[in-house]
Amino acid sequence: PTVNYTERWYTNKIEKGYDMQKKQVVAQDTTYGFYRVYNFNAALSASTTLYGFYKPLSFLGDKVRMIRHRFEPSVSLSYAPDFGDSRFGFWKDVVYEDQYGKEQRVTYSPFENGMFGTAARGKTGSLNFQIDNNIEMKIKSDRDSTGERKISLIDKLSLGMSYNMAADSFKWSDLNVGLRIK
């Protein structure tokens, strides 16, 4: 398990509003005091390694001694709330009517110009799956002092995908496949 917590302290914040003459959102007021901006996230991950061995039948020849398959599945889960939510107060909206009579909304953070930035907007939640494979073969060898040597058949074959719990649609990612051989 992992938990990350970040806290920033500022001595001022800048409130914005719509200026009718300039026809844009501008800084209107700077308020001084001690303001705390924080964010956190949590994650949980698990992985293991499984080994499988295969000894070829003797009638196929005695050159191949053993084949080993290393299988490494892993899964992780992560979450962070939406710090753009009004209950945190780190982000605000300026709502105004533009020159065409349409209602416009501009979202800003009173701390966005601060030295350490502000808390991110948007909830995140994902579930990630990863499977890594490795296949090696041990063969009889006169060139090695032990009488055997290892040959890598597949250095790494990986498959991975994720599920985004916070997305409205297209929650599943593409299946990522990687292959490395020597």
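Residues take their numbers from the sequence shown, with the count starting at 1. The shown structure was predicted, so the numbers you read here are calculated from the model rather than taken from an experiment.
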Notebook entry, point to check: According to a 4.5 Å side-chain heavy-atom criterion applied to Ile, Leu, Val, Met, Phe, Trp and Tyr, with indirect links allowed, do L159 and L179 form part of one hydrophobic cluster?
Noted result: yes
Item checked: Student check: side-chain heavy atoms of K16 and Q28 closer than 4.5 Å -> no
Check: Would you call E136-K138 a salt bridge at under 4.0 Å N-O?
Finding: no
Next item on the list: Taking only Lys NZ, Arg NE, NH1 and NH2, and the carboxylate oxygens of Asp or Glu, determine whether K102 and E97 approach each other closer than 4.0 Å.
Entry: no
Check: Does any non-hydrogen side-chain atom of Y108 lie less than 4.5 Å from one of K92?
Finding: yes
Note to self: With side-chain contact (heavy atoms from CB on, under 4.5 Å) as the criterion, how do N176 and M161 come out once you've worked through the C-alpha distance, each side chain's angles and the decisive distance to 0.1 Å?
What the structure shows: CA-CA 6 Å; N176 296 309; M161 64 187 318; 5.9 Å; no
Next item on the list: Measure the spacing between CG of N128 and OG of S78 and express it to the nearest 0.5 Å.
Entry: 6.0 Å
Check: Do S126 and N164 have side-chain atoms, one donor and one acceptor, less than 3.5 Å apart?
Finding: no
Check: Do M165 and T124 have side chains that get closer than 4.5 Å, going by heavy atoms?
Finding: no
Check: Taking C-beta and beyond as the side chain, do I151 and I139 meet within less than 4.5 Å on heavy atoms?
Finding: yes
Note to self: Could you check whether H69 and N134, counting side-chain N and O atoms only, form a donor-acceptor pair closer than 3.5 Å?
What the structure shows: no
Note to self: Whether the side chain of S47 engages the backbone of P73 through a donor-acceptor N/O pair (distance < 3.5 Å, no angle test) should be reported.
What the structure shows: no
Check: Rounded to the nearest 0.5 Å, how far apart are OG1 of T2 and CG of L44?
Finding: 8.0 Å
Notebook entry, point to check: Salt bridge check: are D155 and R180 linked by an N-O gap of less than 4.0 Å?
Noted result: yes
Checklist line | Over all atoms of both residues, closest heavy-atom pair of G122 and D82 | finding: N-OD1, 2.7 Å
Next item on the list: Please examine the side chains of F129 and I131, heavy atoms only from C-beta on, and report whether any two atoms are closer than 4.5 Å.
Entry: no
Next item on the list: Might you point out which heavy atoms bring Y18 and V94 nearest each other, and give the distance in Å?
Entry: N-CG1, 3.9 Å
Notebook entry, point to check: L127, V3: one ILVMFWY side-chain cluster at the under-4.5 Å cut-off?
Noted result: no
Item checked: Passing candidate, ring-ring contact (aromatic ring centres under 6.0 Å, His included) with F88, options Y35, F40, F83 -> F83
Notebook entry, point to check: Is I181 reachable from M137 through a run of hydrophobic residues whose side-chain heavy atoms are each under 4.5 Å from the next?
Noted result: yes
Next item on the list: Grab the two heavy atoms, one from T49 and one from E72, that are nearest each other, plus how far apart they are.
Entry: OG1-CG, 3.7 Å
Next item on the list: Enumerate the residue pairs fulfilling ring pair (Phe, Tyr, Trp, His ring centres under 6.0 Å) with a member in residues 130-170, sequence neighbours excluded, ordered by first and then second residue.
Entry: Y163-W172
Check: Hey, what do you get for CD1 (I154) to CG (D132), rounding to the nearest 0.5 Å?
Finding: 12.0 Å
Next item on the list: Identify the heavy atoms of G117 and R8 that sit nearest to each other, and give their distance.
Entry: O-CD, 3.3 Å
Margin query: For a quick test of reading the model, state the closest non-hydrogen atom pair linking F90 to Y38 and the distance between them.
Written below: CE1-O, 3.2 Å
Notebook entry, point to check: If Ile, Leu, Val, Met, Phe, Trp and Tyr residues are connected whenever their side-chain heavy atoms lie under 4.5 Å apart, and connections chain through other members, are I135 and M66 in the same group?
Noted result: no
Notebook entry, point to check: Is there side-chain contact between K55 and F53, with at least one heavy-atom pair below 4.5 Å?
Noted result: no
Checklist line | Main-chain N/O of F116 paired with Y10 side-chain donor or acceptor, under 3.5 Å | finding: yes
Next item on the list: Specify the closest pair of heavy atoms between V26 and K22, including all atoms of both residues, with the distance to one decimal.
Entry: CG1-CD, 4.3 Å
Check: Between the main-chain N or O of V95 and the side-chain N or O of D93, is there a donor-acceptor pair closer than 3.5 Å?
Finding: no
Checklist line | N/O donor-acceptor pair under 3.5 Å between N41 side chain and A80 backbone | finding: no
Checklist line | K171, NZ: over 12 other non-hydrogen atoms inside 6.0 angstrom | finding: yes
Check: Can you check salt bridge (charged side-chain N to carboxylate O under 4.0 Å, His left out) on R36 and E7, steps first, answer last?
Finding: CA-CA 7 Å; R36 180 176 150 238; E7 184 161 313; 3.3 Å; yes
Next item on the list: Before giving the answer on side-chain hydrogen bond (donor to acceptor under 3.5 Å, both in side chains), spell out for S76 and S45 the whole-Å C-alpha distance, their side-chain angles and the decisive distance to 0.1 Å.
Entry: CA-CA 4 Å; S76 64; S45 62; over 6 Å; no
Margin query: Taking Y32 as the starting point, is it possible to reach M115 by hopping between hydrophobic residues whose side chains are less than 4.5 Å apart?
Written below: no
Notebook entry, point to check: Would a 4.5 Å heavy-atom cut-off, applied to side chains only, mark S74 and Q130 as touching?
Noted result: yes
Item checked: T30 vs K13 side-chain heavy atoms within contact, under 4.5 Å -> no
Next item on the list: Given side-chain contact (heavy atoms from CB on, under 4.5 Å), test Y79 with K123 step by step and report yes or no.
Entry: CA-CA 8 Å; Y79 173 77; K123 179 170 72 171; 3.9 Å; yes
Note to self: Could you measure the distance from the CD atom of E112 to the CD1 atom of I14? Nearest 0.5 Å is fine.
What the structure shows: 8.0 Å
